[in-house]
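Okay, so here's the structure we're looking at.
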Amino acid sequence: MVEKSPHNKIKNSYLCPKFSNIIHLQFEILHRDSYSSARAGLLTTDHGLIESPFFMPVGTAGAVKAMHIRELSDDIHAQIMLSNTYHLYLRPGVDIISKAGGLHKFNGWSKPILTDSGGYQIYSLGDIRKFTDDGVIFQSHIDGSKHLFTPEKAIDVQRELGADIIMAFDECTPYPCDEAYARKSMKRTHYWLSRCVSHFGKTECQHGYTQSLFPIVQGSVYPELRVESARFIASQGASGNAIGGLSVGEPAGMMYEMTGLVCGILPEDKPRYLMGVGTPANILESIALGIDMFDCVIPTRNGRNGMLFTRSGIINIKNEKWKDDFSPLERDGDVFADLQYTKAFLRHMFISKEILGAMIATTHNLGFYIWLMKEARKQISEGTFSAWKGRMVKQLMQRL
RNA sequence: GUGGUCGUAGCUCAGUUGGUUAGAGCGAUAGAUUGUGGAUCUAUAGGUCGUGGGUUCAAGCCCCAUCUUCCACC
């Protein structure tokens, strides 16, 4: 039994010409920073409100690895999680999740979900994929079986999964990449986007609530391509826009340059999502450029490998120097694991390859990232963001 | 006691008819990791080749003694 969404009744929801008959998620900007393009706002979905800017923990296969949804929700206060179309499509299969009543019902997470379309995964498959005019033929990394993914297919699958925000099917342009290929790749992403938008308009969510489709800017590291792509994406009138193809190996300065350029073109009154970014410093710098949404595997994947992000800097908990450090992971932390466990104990867990080590580090890191976003929102609302950011970037990235 | 066998890095082991500075895997110590492989990759440290003699231009390798491991037989 799917609950009737209260947000279907929102009065000032508006219809966009290209997204006719779709009720959008709302975005309201509450505060703006005077010294940068940072802003703090509120996003409304059928599964609840999200304060921005925010970070989305990555739950590839429908779960954030090494975490219960209770911790994700009640301990670290995640507002939304990200999941992956490609992985869920291959396993357990869309039919199973649809039969469960959608991804929210399947994994028990009742807050908002965003699904990535699978474009990035197919990009990272490397040799076992082939582009055609229609889409991409790729081989499953699980059993080698062949699959054809098209823009229409990506939309259909995401309709069945039922995430609140779904992503257009794009090609994540590799780096480095010459301008000719970057242009061809961008054009392909634009062509696919048109098909995604068209198909999105003809279909609806299978599980009784609304979904929003975000298009993705490409263009590699070429300013003129980024500008062209951002204009095309902006012209679609979507309720939120994403920037892809960054943080794929290019220097950080280039990433900021492209992000700033694109943010200046994408609509000011819609949320902007910088895909796959990044380190705490990357995120703070990008907030200053006007980004509202982030996702990244760093806090979870690197956490599982022993890298801890703390308010005073970065720790490799496997280093010998922590073996007899009985101080808590984060003295001023507000996550259970921060005060409950010492550095020496966590090191012991990692050295012993205990599963608990991955659990503690994941909880801690995500707690830290989400605290960082909350603090950023507070600093923006109080008008102190830029000075605070300057101090934090240095402090957070130093090695302890 | 007799005969055979084993001994090389923290661990498990390679090491050619004697020939450059004795290697590997694991472990250890560090580093990488950006729309997820609990994955992977990279680097570094670590050896009186059981011990003591001998042969030889040259010995982990051949010879002698001795200690040690395991096996068989009295």
Side-chain angles (χ1 to χ4, degrees), chain A residues 55-67 80-88 90-91 113-126 140-142 154 158 163 165-175 189 214-218 240-252 254-256 259 272-283 285-286 291 293-309 314-323 347 349-362 365-366 369 397 399:
Chain A
F55 180 81
M56 302 180 275
V58 177
T60 305
V64 174
K65 293 183 197 299
M67 277 193 90
I80 173 172
M81 71 175 280
L82 179 146
S83 206
N84 200 278
T85 302
Y86 166 83
H87 292 267
L88 294 171
L90 289 180
R91 192 165 57 192
I113 297 176
L114 179 148
T115 44
D116 189 15
S117 67
Y120 185 82
Q121 280 61 47
I122 288 166
Y123 143 84
S124 56
L125 286 173
S140 161
H141 70 283
I142 298 169
Q158 292 187 91
I165 300 172
I166 69 176
M167 302 304 299
F169 188 59
D170 69 331
E171 181 190 352
C172 181
T173 309
Y175 179 86
T189 288
F214 281 24
I216 304 170
V217 174
Q218 288 291 341
N241 299 288
I243 305 172
L246 292 176
S247 66
V248 286
E250 79 286 359
M254 229 170 227
M255 174 171 78
Y256 298 141
T259 301
R272 305 189 187 110
Y273 167 24
L274 182 55
M275 305 182 80
V277 173
T279 64
N282 291 158
I283 288 177
E285 296 293 0
S286 301
I291 299 292
M293 304 166 58
F294 300 91
D295 80 280
C296 189
V297 303
I298 283 180
T300 41
R301 181 201 283 163
N302 290 18
R304 287 194 304 276
N305 290 315
M307 190 172 180
L308 295 191
F309 295 91
I314 296 171
I315 288 175
N316 181 347
I317 200 65
K318 291 193 281 194
N319 287 3
E320 195 168 26
K321 62 182 162 188
W322 306 114
K323 71 180 175 187
R347 174 173 195 271
M349 291 291 97
F350 269 93
I351 298 299
S352 310
K353 302 193 191 306
E354 286 285 340
I355 293 171
L356 185 60
M359 295 168 67
I360 293 169
T362 299
N365 277 354
L366 283 179
Y369 263 65
M397 296 313 286
R399 302 276 168 166

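Worth knowing before you read on, the calculation uses all heavy atoms, side chains too, and leaves out hydrogens, waters and symmetry mates. Per chain, numbering begins at 1; letters A, B, ... match sequence-line order.
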Please report, rounded to the nearest Å, how far the [atom2] atom of [N] is from the [atom1] atom of [X].
| X | N | atom1 | atom2 | result |
| --- | --- | --- | --- | --- |
| A/Arg272 | B/G35 | CZ | C1' | 19 Å |
| A/Phe350 | B/U29 | CZ | P | 14 Å |
| A/Ile314 | B/U34 | CD1 | C1' | 12 Å |
| A/Asn365 | B/U33 | CG | C1' | 13 Å |
| A/Glu320 | B/U29 | CD | P | 5 Å |
| A/Arg399 | B/A30 | CZ | C1' | 11 Å |
| A/Tyr369 | B/G35 | OH | C1' | 14 Å |
| A/Ile317 | B/A30 | CD1 | P | 12 Å |

Pairwise [atom1] distance for [N] and [M], with rounding to whole Å:
| N | M | atom1 | value |
| --- | --- | --- | --- |
| B/U8 | B/U2 | C1' | 29 Å |
| B/G27 | B/C70 | P | 28 Å |
| B/C13 | B/G35 | C1' | 45 Å |
| B/G7 | B/G46 | P | 25 Å |
| B/U68 | B/U51 | C1' | 10 Å |
| B/C49 | B/G60 | C1' | 5 Å |
| B/U16 | B/U20 | C1' | 16 Å |
| B/C6 | B/A45 | P | 33 Å |

Any base atoms under 4.0 Å from [X], or only sugar-phosphate, or nothing? Heavy atoms, all strands.
| X | value |
| --- | --- |
| A/Ile355 | base |
| A/Arg347 | sugar-phosphate |
| A/Asn84 | sugar-phosphate |
| A/Ala242 | nothing |
| A/Gln218 | base |
| A/Ile216 | base |
| A/His87 | sugar-phosphate |
| A/Gly245 | base |

Item to check | Presence of A/Arg301 side-chain N/O under 4.0 Å of B/G38 phosphate oxygens OP1/OP2 | outcome: no
Does any part of the side chain of A/Ser83, heavy atoms only, come nearer than 4.5 Å to the side chain of A/Thr115, both counted from C-beta? yes
Heavy-atom distance under 4.5 Å between the side chains of A/Met56 and A/Met293, does that happen here?
yes
To the nearest 0.5 Å, atom CE of A/Met397 lies from atom CG of A/Asn282 at 6.5 Å
Distance col, row A/Ile122:CD1 vs A/Glu171:CD, nearest 0.5 angstrom, shows 10.5 Å
Do any N or O atoms from the side chain of A/Arg304 and from the backbone of A/Thr362 form a donor-acceptor pair under 3.5 angstrom?
no
- Please answer whether the main-chain N or O of A/Gly276 pairs with a side-chain N or O of A/Asp295 as donor and acceptor at a distance below 3.5 Å. yes
Tell me which nucleotide among [options] gets nearest to the side chain of [X].
| X | options | answer |
| --- | --- | --- |
| A/Asp295 | B/G27, B/G35, B/G38 | B/G35 |
| A/Ala358 | B/G38, B/U29, B/G35 | B/G38 |
| A/Lys353 | B/G27, B/G35, B/U29 | B/G27 |
| A/Asn319 | B/G35, B/G38, B/G31 | B/G31 |
| A/Asn282 | B/A39, B/U34, B/G35 | B/U34 |
| A/Lys65 | B/G38, B/A32, B/G27 | B/G38 |

Nearest heavy-atom contact between A/Leu82 and A/Tyr273 is CD1-OH, 3.4 Å
Does the structure show a Watson-Crick or G-U wobble partner for [N], both distances under 3.5 Å? Name it, or say none.
| N | result |
| --- | --- |
| B/U40 | B/A32 |
| B/U12 | B/A24 |
| B/A65 | B/U51 |

Is any N or O donor-acceptor pair between the side chain of A/Asn316 and the base of B/G31 shorter than 3.5 Å? no
Base orientation of B/G4, chi within 90° of 0 counted as syn, else anti, reads anti
Of A/Met359 and A/Leu82, the one whose nearest nucleotide on RNA chain B sits closer to the 5' end is A/Leu82
Judged by nearest nucleotide, the residue sitting upstream toward the 5' end of RNA chain B, A/Lys318 or A/Gly276, is A/Lys318
Neighbour count above 12 (heavy atom, 6.0 Å) for A/Ile351 CD1 = yes
